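Comments concern the structure below.
Remember, it's a predicted structure, so these values are computed and weren't measured experimentally. Numbered from 1 within each chain, the chains take letters A, B, ... in sequence-line order.
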Amino acid sequence: MSILVDATTRVICQGITGKAGTFHTDQCLLYGTQFVGGVTPGRGGTTWRGPQSGKELPVFNTVAEAVRQTGATASMVFVPPAGAADAIMEAADAGITLIVAITEGIPVLDMVRVKRFLTSKPQVRLIGPNCPGIITPGQCKIGIMPGYIHTPCAPGQAGVGVISRSGTLTYEAVFQLTRLGLPQSTCVGIGGDPVPGTTQVELLELFNNDPGTSAILLIGEIGGDAEERAAAYAAQHVRKPLAAFIAGQTAPPGRRMGHAGAIISGSSGGAASKIAALTQAGFEVAATPAEMGLAVQRALSRQR
Amino acid sequence: MSILVDATTRVICQGITGKAGTFHTDQCLLYGTQFVGGVTPGRGGTTWRGPQSGKELPVFNTVAEAVRQTGATASMVFVPPAGAADAIMEAADAGITLIVAITEGIPVLDMVRVKRFLTSKPQVRLIGPNCPGIITPGQCKIGIMPGYIHTPCAPGQAGVGVISRSGTLTYEAVFQLTRLGLPQSTCVGIGGDPVPGTTQVELLELFNNDPGTSAILLIGEIGGDAEERAAAYAAQHVRKPLAAFIAGQTAPPGRRMGHAGAIISGSSGGAASKIAALTQAGFEVAATPAEMGLAVQRALSRQR
Amino acid sequence: MKIHEYQAKELLAAAGAAIPQHIVVRSGAEAAAAFDVLSNGGGVVVKAQVYAGGRGAGQLLDYPDKLGGVKFCPTRELTQAVAEAMLRHRLRTRQTGPEGVPIRTLIVQADAQPDREYYLAMVLDRAAGLPLLMACAEGGMEIEEIAARHPEKILKTYVAPETGLLPFQARRLAYELGFTPAQVPQVENILHALARVFLQKDATLAEINPLALTRNGQIVVLDAKIDFDDNALFRHPDIAALRDVQEENPLEIRAAQAHLNYIQLDGTIGCLVNGAGLAMATMDIIKYYGGQPANFLDVGGSVTPEGAIEAFRIILSDAKVRGILVNVFGGIARCDLIAEALVQAGREVGFRVPVVVRLEGTNAEKARQILAEAANELPTLKTAADLAAAAQLVVELSR
Amino acid sequence: MKIHEYQAKELLAAAGAAIPQHIVVRSGAEAAAAFDVLSNGGGVVVKAQVYAGGRGAGQLLDYPDKLGGVKFCPTRELTQAVAEAMLRHRLRTRQTGPEGVPIRTLIVQADAQPDREYYLAMVLDRAAGLPLLMACAEGGMEIEEIAARHPEKILKTYVAPETGLLPFQARRLAYELGFTPAQVPQVENILHALARVFLQKDATLAEINPLALTRNGQIVVLDAKIDFDDNALFRHPDIAALRDVQEENPLEIRAAQAHLNYIQLDGTIGCLVNGAGLAMATMDIIKYYGGQPANFLDVGGSVTPEGAIEAFRIILSDAKVRGILVNVFGGIARCDLIAEALVQAGREVGFRVPVVVRLEGTNAEKARQILAEAANELPTLKTAADLAAAAQLVVELSR
């Protein structure tokens with residue numbers, strides 16, 4: 001089992017003919033993801049060919065056309081920042097229900113507008129933007145993470161669900177899990193932007209309800225109060241083993257938000273408050289990034 | 001019984017210090033409505049006095065303040081057209097749950113924006129704009145209708161629920177009901193604007209669920225397809241006696257919407273299609289405006 | 001409020017849409033001069049600027065040849081002759097009535113040589129409570145027929161007023177209309193212009209019909225029609241300034257100035273009613289009893305002596321009127337005061353036809369007494385006990 | 001991106017807010033001339049324009065008297081002297097660090113004589129995913145303290161970006177701040193200007209502190225601070241043009257030009273990491289093992305030879321650096337190519353301090369081999385088996 005994506009997920013790439021879109025669609029195809037088409041306005045009717053995989057996909061001018069022709073339900077967005085919000089709304093409007101936005105550098109007010117647009121489309125889930133994507137090991141990779149570091153669950157086996165605001169730090173965590181022999185159910189990078197499409201709380205809920213997930217690893221960062229909210233949710237609702245790591249205990253200064261930032265969050269958004277909240281909620285919190293895998297192991301053994 | 005308003009409803013008037021606001025608040029007080037205050041920005045802290053009733057009410061600068069101080073849950077809006085949409089949104093934002101907008105001449109796109117604003121406030125019901133208001137005879141009148149033509153239900157007695165897009169035509173209908181000895185549960189003028197706050201379908205549902213309503217009279221007009229939708233709803237859900245009248249069988253021409261109007265509604269919005277739809281849905285349709293009361297009587301007797 | 005084609009196209013152009021060049025003219029000589037500027041080795045199109053639609057298929061009255069309100073003119077001479085004919089003869093179309101309308105303004109337009117025509121429109125969808133943008137790859141005259149027979153050919157997109165037309169919505173419509181990647185940006189510009197004018201200027205209808213793909217690959221607005229929300233004109237002085245009162249019914253203008261809502265019709269029985277719904281219902285009951293209403297007239301919620309006087313003057317200035325039905329439901333306004341206003345109006349105006357009055361509501365008894373007392377002075381003034389009786393009486397008296 | 005106070009106030013003024021008159025000056029003589037224009041029989045305020053906050057409570061370094069970055073000057077002579085002092089001495093505030101910052105620009109501002117001070121700010125509320133407008137009737141320096149002790153005194157209103165600040169929201173805030181009916185329209189203007197600038201220019205923070213009620217009843221923006229979303233600068237060339245690179249850290253500018261995200265810190269161990277989260281985590285583990293990071297440096301998803309060379313140059317230009325930790329997780333990018341880039345960088349730059357490399361991911365074995373082969377050529381280059389070992393090693397070697 002897994003959350004959000006599996007071997008049956010039919011995926012398109014928006015921005016498939018761009019350099020990054022081509023490369024990563026190809027990588028996903030090599031991993032085994034069921035990509036069924038791509039969208040680049042003005043290139044409709046042409047055929048895209050994966051440089052390494054050699055696989056061919058139809059290109060469409062609009063997501064609506066792509067959905068009609070291919071039955072896709074998920075989209076990987078590689079559209080550059082200036083057009084990315086529009087591309088996400090186009091996907092949502094066209095019936096795509098899982099949108100994975102890899103694009104980095106989308107203006108934050110664009111994402112505010114996207115989120116408000118999506119309130120009228122409750123069936124649509126957005127992952128990202130500015131994220132590595134989502135992977136259910138062995139079944140479906142939609143994103144830029146290196147596939148080989150992940151370990152699929154054996155049939156009937158449950159795995160670790162991973163939720164992260166970071167990219168390479170997630171790979172580090174997954175690599176540690178794989179080394180410790182802990183397979184992963186699904187790994188989701190929610191992205192580091194101020195307004196993410198999907199929050200840690202929402203993913204905690206999905207993983208909590210997924211029988212294929214045996215434990216959850218949450219990788220957070222300083223800033224905002226998302227981790228505090230995740231801790232509060234977990235304390236009340238989650239009964240699975242929980243582990244976490246918070247990056248930024250040595251916070252880089254100089255990225256202050258003036259008075260207003262502190263007023264609004266009601267706390268500093270600092271690592272200490274996050275770690276305290278998570279520990280109190282029952283998370284095994286890793287002391288260093290080298291011990292994320294071990295923290296999961298501790299959480300799992302503590303339960304037994 | 002009744003819908004939406006009764007003797008316990010606490011009401012404010014937005015625009016209370018204006019000429020119309022003063023006159024009609026006073027009239028409502030004379031009828032017995034429980035008015036508890038008024039709002040006119042810049043006049044907060046003063047006291048309003050009803051010219052005929054002699055009653056005094058506190059005036060506030062904002063609806064939020066009025067709600068805090070008086071516990072009002074309903075508002076009658078007499079703010080002029082340019083500021084009316086803003087006043088409605090202010091009321092909704094301040095916790096008012098029933099907004100009765102009397103104002104005539106609000107730009108239609110303002111009402112589109114108001115309706116979209118209200119989607120995030122499902123607990124708020126807007127009646128109007130450009131409407132006579134709502135009255136539960138003998139208990140609460142919020143609007144400009146002449147109170148004395150209405151007949152309250154005796155304790156335990158059920159009455160006729162009236163839904164109308166028109167003003168004086170509603171008074172005509174209520175007058176006929178009263179003459180025939182048929183009391184009214186609640187009468188609601190939804191207003192004649194293209195984008196009304198509350199639709200006929202919504203009121204059909206409320207009256208259908210109200211044990212104090214024995215029959216429903218629907219007074220429609222040509223234009224749009226609201227009556228067709230009401231007929232479709234009634235056919236499926238309503239089992240109470242139903243009567244209707246459609247004004248505009250001799251439609252004034254010259255108010256065409258070009259090609260686009262006909263395309264959009266899929267029908268002419270003419271009286272014939274509306275009358276056919278209502279008849280098929282089980283409404284007793286009055287042939288002339290002089291027979292609206294009789295149509296209700298026929299509907300009631302047909303049931304027995 | 002309506003505006004002329006050329007005004008609609010200029011508004012769209014200001015919002016970013018491409019339109020063919022045109023020059024507004026009011027004489028044959030001006031038209032000929034415009035030909036020199038715009039013909040560019042070919043011809044021009046002369047188009048009558050009237051509010052009524054169906055100009056192309058219309059006919060100039062008392063004109064020997066077949067000539068409507070739109071004409072391609074290959075020469076300077078023909079341009080001048082056609083312009084002069086249009087300015088001299090009234091134009092009848094399916095929207096004008098048999099008497100036609102005078103033509104006061106023309107445009108001379110560069111010939112766009114349309115290769116293919118499309119339809120675009122924005123209008124309020126009342127059921128959804130949202131503006132709707134519609135597009136069809138088959139434009140021109142028969143759009144209503146296409147809508148009825150092949151509704152799937154009409155592409156539709158809702159436009160939220162707070163965000164406007166979103167880029168992907170315009171892009172999708174443009175591609176689904178079958179435009180090529182090179183054409184799509186031109187179409188997107190026009191769609192955004194249409195939506196912008198509709199939303200920013202409070203239009204109730206904005207129609208581009210046809211949108212033309214020209215032989216040289218340009219996409220231009222060939223004809224456009226925009227109606228505006230009267231209630232929003234207070235915040236659009238630029239739009240209000242476009243009003244051409246000469247194109248409107250003088251009686252209706254006069255009524256509007258007196259805060260009366262008046263629409264002239266073809267029948268013989270004048271109506272004076274308070275409230276739009278009751279006014280429509282009054283017309284209905286006149287027809288039900290065999291009469292034909294001469295007008296719709298809503299005097300608003302209350303009735304003042306001044307309003308009643310002006311209302312009677314307007315109704316009676318229609319020579320067809322053979323009787324008048326006054327139907328007033330006195331709600332907040334008292335019937336006795338209304339009756340006094342009616343009597344005063346009768347004295348001022350003089351009732352040359354039977355006037356049947358039905359007054360109901362507050363102080364109705366006292367009102368009937370006032371009217372009875374005035375019976376000698378105003379012999380054509382009759383009262384009726386109820387609405388049905390009043391309608392029957394006025395129909396009978398007007399035969 | 002940050003801008004100066006005077007630029008923020010001018011943006012707000014362009015959006016409709018009232019601000020005191022000011023003149024930008026860069027010399028004592030200009031300041032004296034500005035005094036003549038603005039003093040109006042009273043005095044003026046001289047304000048240092050630097051990006052750091054806390055100017056009023058700051059102190060000019062090596063200056064004999066107590067003088068910060070904001071000074072009321074009742075005379076022309078004092079105005080000139082104060083301006084010259086500010087332009088000659090570095091200013092230290094609680095936000096600058098002990099070395100202070102140079103002052104290159106000043107404004108001379110008409111004295112507004114504030115009678116009462118308020119606080120206004122707009123910022124993104126991440127939890128709600130919406131911009132939030134905040135207001136407090138007690139402005140000035142202690143706003144954070146008020147927020148902590150009396151949160152109920154901070155009024156808050158969410159602003160939807162698609163509608164902007166709605167009229168009733170501004171009206172309500174103005175009344176709830178306690179303004180009189182005569183003052184409310186002035187405050188509404190300023191609130192709308194604040195929201196407009198925030199939304200239309202893609203700000204991440206817009207703060208008016210204080211908003212002043214002056215002795216003559218005017219309401220003006222006395223000080224303002226606006227930060228902008230770097231990701232949205234592509235659509236705001238007017239804002240991008242306001243950038244004052246002299247106010248920014250030269251190393252950080254140089255890093256940005258090489259697409260590196262670099263922030264200088266106070267420690268001794270340089271970091272070179274791919275990915276922001278891993279970079280933060282790497283700093284954390286350095287600290288965990290007793291070291292102090294000298295910088296945050298994210299080279300992005302992949303590592304090119306050019307990027308690595310520039311990154312090492314930037315790190316090594318910080319004289320405090322006594323060791324460097326390279327932590328790269330090769331995902332899509334192959335570790336062997338990254339190792340080659342590091343070796344090339346070592347050749348070009350010369351590693352004057354120990355460089356501990358931890359490479360993991362695709363082709364990590366081959367990468368370790370490449371680094372081992374370069375060991376003779378680059379004696380300070382060390383490899384570590386895992387992250388913990390790497391951190392411990394670099395801390396040890398940097399002591």
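For the set D/Pro131, D/Ala160, D/Ala389, the count of heavy-atom pairs under 4.5 angstrom toward chain A peaks at D/Ala160. If you tally non-hydrogen atom pairs under 4.5 Å between each of D/Ala388, D/Ala232, D/Pro293, D/Pro161 and chain A, the highest count goes to D/Pro161.
Among residues 104-120 of chain A, the residues having any heavy atom closer than 4.5 Å to a heavy atom of chain D are, in sequence order, A/Gly105, A/Ile106, A/Pro107, A/Val108, A/Leu109, A/Asp110, A/Val112, A/Arg113, A/Arg116.
No donor-acceptor pair under 3.5 Å is formed between the side chain of D/Gln292 and the backbone N or O of D/Thr268. Formation of a donor-acceptor pair under 3.5 Å by the D/Lys2 side chain with backbone atoms of D/Val50 is not found in this model. Judged by distance alone, the side chain of D/Gln95 and the main-chain N or O of D/Gly53 form a donor-acceptor pair under 3.5 Å. Remark: the backbone N or O of D/Ile285 is not paired with any side-chain donor or acceptor of A/Thr288 at under 3.5 angstrom. Checking side-chain atoms of A/Arg165 against main-chain N and O of A/Glu221 turns up a donor-acceptor pair under 3.5 Å.
For the side-chain contact (heavy atoms from CB on, under 4.5 Å) criterion with A/Ile163, the lone passing option out of A/Val188, A/Thr199, A/Ile190, A/Thr170 is A/Ile190.
A salt bridge is defined here as a Lys NZ or Arg NE, NH1 or NH2 lying under 4.0 Å from an Asp or Glu carboxylate O, and D/Lys225 with D/Glu5 fails to meet this definition.
A centroid separation of less than 6.0 Å is found between the aromatic rings of A/Phe78 and A/His24.
With a 4.5 Å cut-off on non-hydrogen atoms, D/Asp229 touches chain A through its side chain but not through its backbone. At a 4.5 Å heavy-atom cutoff, D/Leu233 makes no contact with chain A through either its backbone or its side chain.
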